[in-house]
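When reading the values below, keep in mind they use all heavy atoms of this one structure, side chains included, and skip hydrogens, waters and symmetry mates.
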Amino acid sequence: MRHADSYSTRPTVLILRALGLGDLMTAVPALRGLRRGYPNHRLVLATSPGLAPLVNEMEFVDETLETRELEPLRVQLDGDDVAVNLHGRGPQSTERLLETSPRRLVAFSHPDIPATFGSARWKRREHERARWCRLLRHHGVDARPDEFSLRRPPVGSSPWEGATLIHPGAGAPARLWPPDRWVKLARRLADAGETVLITGGASEAPLATVIAREAGLPPEWMLAGRTDVRRLAALVATARCLISTDTGPAHVATAYGTPSVTLFGPTSPSEWGPPVGDRHRVIWKGTTGDPNGAVPHPGLLDITVDEAIEAHRTLPAARPNRGLPTPHSGV
């Protein structure tokens with residue numbers, strides 16, 4: 001891959017996944033498969049700017065290329081370089097990769113793009129981790145959906161280790177649980193003696209501030225807007241548990257093996273949920289809708305505070321997590 005200011009003699013695998021935090025986490029098994037399938041290539045992940053610090057902690061990715069969703073990638077591939085679309089079904093995302101002139105393209109079949117004819121077909125209602133691994137297997141790359149674990153980031157000593165995290169924000173209103181329910185949940189957990197931290201991005205800080213104040217939490221327990229993605233990941237990795245809707249930190253909890261309670265609304269946990277096991281609890285009323293809708297989904301509104309408390313009660317005690325790969329990771 002040729003840059004304006006650098007050159008590498010190693011062939012490149014350029015991977016596009018310029019979406020959100022949860023999207024990055026669900027691509028981990030595919031990225032591990034690509035590392036195994038192309039051991040002599042340089043793996044470059046084209047991803048959203050804010051995610052680069054977290055990607056840099058992943059030992060199976062060599063380099064990041066910061067880009068925004070569906071923007072031109074501004075690089076040119078050559079030699080034995082490969083372009084891999086883990087971004088979407090196309091056509092726009094595949095077209096962005098074709099503009100880099102790869103020798104080989106790995107992408108789902110799309111009727112408007114002849115270069116994809118004969119590739120795997122996109123399937124609805126498929127778990128996100130399984131979807132991208134299936135695409136890679138179609139192209140001869142051994143990718144396994146159960147290889148989702150990440151090594152815990154270096155955090156040193158932290159006053160928040162063992163805390164319960166509440167992440168009330170989400171990427172769209174359809175996945176927002178009412179603030180008053182987060183207030184009741186946080187108050188009940190704090191009254192039971194737990195350290196309850198409210199997390200979120202800068203745009204979610206006003207919501208988190210209201211929840212923390214109304215729940216009677218100490219001001220220093222409100223961390224929304226005060227952590228970058230790497231620090232947020234470290235908080236999740238060392239937490240007692242995470243409680244959230246279907247949003248990025250829930251997928252970080254899956255990667256680090258942190259116990260979690262996830263409230264699902266418009267999306268089925270069979271497509272975006274954590275693995276079945278004793279560390280995670282999901283609450284879902286069985287209905288689906290637009291995950292990017294403008295109002296909270298009715299199924300999410302049907303979930304009560306008592307149900308969330310009960311799911312939290314059944315979580316296992318926090319266990320040491322050294323971030324070891326799952327049994328067949330190979331890296």
Side-chain angles (χ1 to χ4, degrees), residues 1-19 23-24 26-49 51-52 54-122 129-145 147 150 325 328-331:
M1 181 174 71
R2 296 191 299 273
H3 298 265
D5 58 353
S6 66
Y7 180 78
S8 173
T9 58
R10 294 173 64 194
T12 296
V13 176
L14 176 62
I15 308 150
L16 178 60
R17 185 74 168 173
L19 295 165
D23 303 284
L24 172 64
T26 55
V28 164
L31 294 173
R32 286 189 179 278
L34 287 166
R35 175 75 286 161
R36 184 167 47 244
Y38 292 94
N40 298 318
H41 283 59
R42 182 171 55 124
L43 262 61
V44 178
L45 179 62
T47 192
S48 304
L51 299 179
L54 188 55
V55 177
N56 291 337
E57 300 289 342
M58 300 178 182
E59 73 279 3
F60 41 86
V61 176
D62 297 309
E63 185 180 332
T64 57
L65 174 65
E66 294 188 358
T67 187
R68 300 191 185 279
E69 186 173 358
L70 302 179
E71 283 190 352
L73 294 172
R74 305 187 187 283
V75 296
Q76 283 293 297
L77 300 180
D78 57 12
D80 293 325
D81 292 345
V82 180
V84 181
N85 188 354
L86 300 184
H87 188 93
R89 65 190 301 179
Q92 296 97 328
S93 52
T94 302
E95 290 169 345
R96 295 290 82 78
L97 286 169
L98 285 173
E99 290 168 357
T100 69
S101 305
R103 182 187 66 84
R104 185 184 182 196
L105 173 71
V106 176
F108 278 110
S109 176
H110 194 282
D112 294 337
I113 303 181
T116 67
F117 292 176
S119 186
R121 293 175 177 267
W122 182 275
R129 291 191 297 270
R131 167 176 287 125
W132 302 112
C133 290
R134 178 174 63 85
L135 171 65
L136 296 183
R137 289 196 301 272
H138 180 91
H139 289 268
V141 174
D142 178 20
R144 306 160 189 170
E147 296 181 344
L150 289 177
H328 303 291
S329 66
V331 294

- Item | Derivation and outcome, side-chain contact (heavy atoms from CB on, under 4.5 Å), residues Met58 and Val28 | CA-CA 9 Å; Met58 300 178 182; Val28 164; 4.2 Å; yes
- Query: When rounded to the nearest 0.5 angstrom, what is the spacing between CG in Leu86 and CD1 in Ile15?
  - Reply: 6.5 Å
- Identify which one of Leu77, Leu98, Thr100 satisfies the side chain to side chain contact (heavy atoms under 4.5 Å, CB included) criterion when paired with Leu105. Leu98
- Item | Heavy-atom side-chain proximity of Leu45 to Leu24 below 4.5 angstrom | yes
- Using a 4.5 Å cut-off on heavy atoms from C-beta on, say whether the side chain of Phe60 contacts that of Leu34. no
- Shortest non-hydrogen contact between Pro91 and His110, atoms and distance: CD-NE2, 3.4 Å
- Message: Looking at every heavy atom in both Arg104 and Tyr38, which two are closest together, and how far apart are they?
- Response: NH1-OH, 2.7 Å
- Message: Just so I know, are the side chains of Leu136 and Val84 near enough to count as touching, which here means a heavy-atom distance under 4.5 Å?
- Response: yes
- Taking side chain as C-beta onward, heavy atoms only, is Arg35 less than 4.5 Å from Asp62? yes
- Could you go step by step and tell me if Ser101 and Asp78 meet the side-chain contact (heavy atoms from CB on, under 4.5 Å) rule? CA-CA 7 Å; Ser101 305; Asp78 57 12; over 6 Å; no
- Message: Side chains of Leu19 and Glu69, heavy atoms from C-beta outward: is any pair under 4.5 Å?
- Response: yes
- Task: Taking all non-hydrogen atoms of both residues into account, name the closest pair between Pro29 and Arg144 and its distance.
- Result: CB-O, 3.3 Å
- Message: Taking Arg32 first and then Glu59, would you say they form a salt bridge - that is, a charged N and a carboxylate O separated by under 4.0 Å?
- Response: yes
- Note on the structure: Here the gap from Thr94 atom OG1 to Ile113 atom CD1, rounded to the nearest 0.5 Å, amounts to 4.5 Å
- Can you name the closest pair of heavy atoms from Val141 and Gly33 and give their distance? CG1-O, 3.3 Å
- Query: How long is the span from the CD atom in Gln92 to the CD atom in Glu71, to the nearest 0.5 Å?
  - Reply: 14.0 Å
- Heavy atoms of other groups near Arg103 CZ, more than 12 under 6.0 Å: yes
- Task: First locate atom CZ of Arg42, then atom CG of Asp81, and finally report the distance between them rounded to the nearest 0.5 Å.
- Result: 8.0 Å
- Message: So Arg17 and Thr26, do their side chains get closer than 4.5 Å, heavy atoms only?
- Response: yes
- Query: Under a 4.5 Å cut-off applied to non-hydrogen side-chain atoms, are Val13 and Val106 in contact?
  - Reply: no
- Item | Residue pair Pro11 / His41, side-chain heavy-atom distance below 4.5 Å | yes
- Once you round to the nearest 0.5 Å, how far does OG1 of Thr64 lie from CG of Asn56? 4.5 Å
- Pairwise distance CG(Asn85) to CZ(Arg96) - rounded to 0.5 angstrom: 11.0 Å
- CA sep, side-chain torsions, deciding dist, call: Leu97, Leu14, side-chain contact (heavy atoms from CB on, under 4.5 Å): CA-CA 8 Å; Leu97 286 169; Leu14 176 62; 4.1 Å; yes
- Query: Would Glu99 and Leu73 count as a side-chain contact (heavy atoms from CB on, under 4.5 Å) if you check the C-alpha gap in whole Å, the side-chain angles of each, and the deciding distance to 0.1 Å?
  - Reply: CA-CA 8 Å; Glu99 290 168 357; Leu73 294 172; over 6 Å; no
- With sequence neighbours left out, the residues meeting side-chain hydrogen bond (donor to acceptor under 3.5 Å, both in side chains) with Glu66 are none
- If you look only at pairs with a residue in residues 130-140, which of them pass as a side-chain hydrogen bond (donor to acceptor under 3.5 Å, both in side chains), with sequence neighbours excluded? Ser119-His139, Glu126-Arg134, Glu128-Arg131, Glu128-Trp132
